Each structure stands twice: as C-alpha cells, then as structure tokens.
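All of these numbers come straight from a predicted model, not from anything done at the bench.
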Amino acid sequence: QVQLQESGPGLVKPSQTLSLTCTVSGGSITTSYYAWSWIRQPPGKGLEWMGVIHNDGSTYYSPSLKSRTSISRDTSKNQFSLQLSSVTPEDTAVYYCARESYYSGSYYWDRYLEVWGQGTLVTVSS
C-alpha cells in the first residue's frame, strides 16, 4: 500500500517561502500512469489543487498560483517537494500531497486522486 507523508515547518513568516516535502513509501514516484500533486485547504474553505509533477519530472501548476509555485522531486529519496514563495496570511492552510492515478477512459484519461497524505497545517503569520 502506497503511503504519503507531508513534512516541513508549520509556521512561515509573510514574504518568505513555504517549503514542504512529501515522502512516498510503498511505490515509486517514477512509475508510469501516476503523478504527484499538492492540494491545500484554507480554514473554512474548499480544497484548492496547486500543481502536479509527473513521473517523468514534468510539472503543471494552477494558473492562479503558477507565478509563485514550484514542485520538484528527488527520485533517490522517493520524495517530491512544494515551494510557495512570497506567502501572505491568505496562504495559511492545511497542505496535502496526493497521488494522481490515471486510467484509460473512452475518450480521455480518467484521473483520480486516490491516495492522500494526512495533511499538515502551515500558518503564515508574523
């Protein structure tokens, strides 16, 4: 069973960079048909998909966060990381890493976020 675990500082000051790492066990981040994503949920709000890194290392980000977001990976450690720059208090949220699974559909790939980490709260405050 694949498991994901977020780690990183729980408190970040405004204007600094938020950095989190997701450690994956029970599966390789280079395996085909999987991708690795970051999602966040601000207090009292819904889930917001932030971006993804695919098994070949290519990335894609939410347009609203693209200018501030970077996702990278370390295949030797089976980890992928999130960096969110120039944070403000509005970036306070529970941050999740997740595995995206792709299945062949009739006309396109069906995508499911089937495996999630437990989430970690990151507070942006001075």
- Query: Is there side-chain contact between Asp91 and Arg68, with heavy atoms separated by less than 4.5 Å?
  - Reply: yes

- Query: Between Thr30 and Ser28, does any side-chain donor sit less than 3.5 Å from a side-chain acceptor?
  - Reply: yes

- Item | Main-chain N/O of Gly27 paired to Asn78 side chain as donor or acceptor, under 3.5 Å | yes

- Any idea which heavy atoms bring Ser126 and Pro14 closest together, and the distance? N-CD, 3.6 Å

- Write out all pairs satisfying disulfide (SG to SG under 2.5 Å) with one or both partners inside residues 14-112, taking only residues at least two apart or from two chains. Cys22-Cys97

- Message: Before you tell me yes or no, could you show the steps for Ser32 and Tyr102 under side chain to side chain contact (heavy atoms under 4.5 Å, CB included), namely the whole-Å CA-CA distance, both residues' side-chain angles and the distance that decides it to 0.1 Å?
- Response: CA-CA 9 Å; Ser32 299; Tyr102 293 81; over 6 Å; no

- Message: Can you list everything that forms a side-chain contact (heavy atoms from CB on, under 4.5 Å) with Thr17? Sequence neighbours excluded, please.
- Response: Gln83, Ser85

- Query: Does any non-hydrogen side-chain atom of Leu20 lie less than 4.5 Å from one of Thr120?
  - Reply: yes

- Are the side chains of Thr123 and Val12 in touch, meaning some heavy atoms are under 4.5 Å apart? no

- Item | Cation-pi, Phe80 ring and Arg73 (6.0 angstrom, 45 degrees) | no

- Task: Taking side-chain contact (heavy atoms from CB on, under 4.5 Å) as the test, write out the residues that go with Pro9, two or more places apart.
- Result: none

- With rounding to the nearest 0.5 Å, note down the distance linking CE in Met50 to CG in Leu65. 5.0 Å

- Run the numbers on Trp109 and Ser104 for side chain to side chain contact (heavy atoms under 4.5 Å, CB included), then give the verdict. CA-CA 5 Å; Trp109 293 103; Ser104 59; 3.6 Å; yes

- Item | Evaluation steps, side chain to side chain donor-acceptor pair (under 3.5 Å), between Ser62 and Ser64 | CA-CA 5 Å; Ser62 171; Ser64 64; 3.2 Å; yes

- Please name the residue in the list Val122, Leu84, Val94 that meets the side chain to side chain contact (heavy atoms under 4.5 Å, CB included) test with Arg40. Leu84

- Query: How are the rings of Tyr103 and Tyr112 set to each other: parallel, tilted or perpendicular (split at 30° and 60°)?
  - Reply: perpendicular

- Item | Nearest non-hydrogen partners of Asp110 and Gly105, listed with the distance | OD2-CA, 3.8 Å

- Message: Checking Tyr95 against Leu18 for the side chain to side chain contact (heavy atoms under 4.5 Å, CB included) test, could you report, in this order, the C-alpha distance in whole Å, the side-chain angles of both residues, the deciding distance, and whether it holds?
- Response: CA-CA 11 Å; Tyr95 286 77; Leu18 183 157; 3.7 Å; yes

- So, Ser15 side chain and Ser86 main chain: donor-acceptor pair closer than 3.5 Å or not? no

- Do Ile29 and Asn55 come within less than 4.5 Å of each other through their side chains, counting heavy atoms only? no

- Do you see a donor-acceptor pair shorter than 3.5 Å between the side chains of Trp36 and Gln79? no

- Between Thr21 and Ser7, does any side-chain donor sit less than 3.5 Å from a side-chain acceptor? no

- Test of ring centre spacing under 6.0 Å for Trp116 and Tyr96: yes

- Please examine the side chains of Val115 and Gln3, heavy atoms only from C-beta on, and report whether any two atoms are closer than 4.5 Å. no

- Message: Determine whether Ser125 and Leu11 satisfy the following criterion, side chain to side chain contact (heavy atoms under 4.5 Å, CB included), listing intermediate values before the conclusion.
- Response: CA-CA 7 Å; Ser125 176; Leu11 180 64; 4.2 Å; yes

- Message: So which atom in Tyr61 and which in Ser70 form the shortest heavy-atom distance, rounded to 0.1 Å?
- Response: OH-CA, 3.5 Å

- Using a 4.5 Å cut-off on heavy atoms from C-beta on, say whether the side chain of Gln41 contacts that of Glu48. no

- Does Arg99 make a cation-pi contact with Trp38, if we ask for NZ or CZ under 6.0 Å from the ring centre and within 45° of the axis? no

- Query: Does Ser58 reach the main-chain N or O of His54 with its side chain, forming a donor-acceptor pair under 3.5 Å?
  - Reply: no

- Using a 4.5 Å cut-off on heavy atoms from C-beta on, say whether the side chain of Ser101 contacts that of Glu114. yes

- Query: Under 4.5 Å between any side-chain heavy atoms of Thr59 and Val52, yes or no?
  - Reply: no

